[in-house]
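Working notes, beginning with the structure itself.
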Amino acid sequence: MNRRYRKTIIAGNWKMNNTLSQTKTFAEEIKPIMPKGKWCNVVLCVPATNIQSAVRLFKDCHIAIGAETCHELDHGAYTGEITAAMIKEAGAKYVIIGHSERRQYYNETDFTVNKKVHAAIEAGLIPIICVGESLEQRELGVTMELIAYQVKCALADVAPEKVRHIVIAYEPLWAIGTGKTATAEQAGEVCQAIRTVIRKQYGAHVARSVTIQYGGSMNAKNAEELLAQPDVDGGLIGGAALKPADFVKIIEAANQE
Ligand code: 13P
């Protein structure tokens with residue numbers, strides 16, 4: 001973390017979990033234990049049906065709400081899809097874009113990720129852009145090239161003053177939902193490389209403002225070590241964000257002096 005130049009953001013990604021009533025229960029449970037000292041921003045990215053209620057439910061405890069994806073266009077005949085403007089009007093501040101599960105199961109590509117990033121920014125949402133390599137790619141030794149390519153594609157034609165406010169989440173595919181976390185060194189190394197890519201494209205001023213998260217089996221036990229890396233500015237948390245007590249422990253790790 002480096003709080004001097006950029007925000008630390010702990011974000012939960014609920015994926016396809018939690019109905020509205022379960023969301024209410026979660027809010028009731030987290031409210032009394034939510035840390036008061038606030039160094040870090042806290043976000044919950046929830047299923048689209050819960051966004052509007054979640055904005056209201058989590059307002060008191062200063063948790064911002066995000067969506068888990070959006071469509072790249074602003075309207076049209078795309079049954080089942082939702083636009084960035086719809087998400088914004090529902091009260092969300094963030095939207096996850098290009099999560100590996102979207103890339104894997106819904107054919108999202110670096111090209112569509114870029115279009116969605118533009119759509120999110122246009123609507124006034126902060127995109128949390130996910131990048132990450134598979135185990136095969138890591139073993140082949142192409143992690144850094146791949147991540148650089150993903151970051152460059154995602155940010156193509158995005159103005160520097162907009163890039164300053166985006167969030168990038170480094171989520172190695174082999175660490176998602178597996179209980180196998182990247183070591184703090186691995187996470188730190190890739191997050192640093194992401195910042196270098198941004199610096200080369202947009203300059204030092206922009207690069208140092210961008211929040212870069214780590215995601216992949218981050219939990220109450222390993223959060224502190226991961227967040228101690230200078231270029232790891234927060235986490236994108238799946239499983240541990242479904243349990244209020246675990247999520248709070250991660251927030252506490254990010255709140256430490
Ligand atoms: P887990 O924390 O469950 O590994 O999920 C990470 C993730 O995919 C967050 O977007």
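These values consider heavy atoms only, across backbone and side chains, with no hydrogens, waters or symmetry-generated copies. We count ligands from 1, going down the list as the structure has it; atoms in each ligand are counted the same way.
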Legend entry - Which of the ligand 1 atoms, numbered from 1, are nearer than 4.0 Å to a heavy atom of Glu171: 6 (C), 7 (C), 8 (O), 9 (C), 10 (O)
Legend entry - Contact atoms of ligand 1, heavy-atom distance to Gly239 under 4.0 Å: 1 (P), 2 (O), 3 (O)
Legend entry - ligand 1 contacted by Gly216 (non-hydrogen, < 4.0 Å): yes
Legend entry - Minimum side-chain heavy-atom gap Ile198-Thr196 below 4.5 Å: no
Inset, instruction - For Thr112 and Thr109, indicate whether the former's side chain and the latter's backbone hold a donor-acceptor pair under 3.5 Å. - result: yes
Legend entry - Contact atoms of ligand 1, heavy-atom distance to Ala175 under 4.0 Å: 4 (O)
Legend entry - N/O separation below 3.5 Å, Gly177 to ligand 1: yes
Legend entry - Per-atom contacts of ligand 1 with Ser217, taking only distances under 4.0 Å to non-hydrogen atoms: 1 (P), 2 (O), 4 (O)
Inset, instruction - Using a 4.0 Å heavy-atom threshold (strictly under), name the region of Asn13 that reaches ligand 1: side chain, backbone, both or neither. - result: side chain
Inset, instruction - Could you check atom 2 (O) of ligand 1 against the protein and tell me its nearest heavy-atom contact, residue, atom and distance included? - result: Gly238 N, 2.9 Å
Inset, instruction - State the SG-CD1 distance between Cys130 and Ile168, to the nearest 0.5 angstrom. - result: 10.0 Å
Legend entry - Side-chain H-bond candidate by donor/acceptor type, Ser134 with Gln137, under 3.5 Å: yes
Legend entry - Spatial distance of atom CG (Asp246) from atom CD1 (Ile237) [nearest 0.5 Å]: 10.5 Å
Inset, instruction - Could you label the plane-to-plane angle of the Phe26 and Phe247 rings as parallel, tilted or perpendicular, counting under 30° as parallel and over 60° as perpendicular? - result: tilted
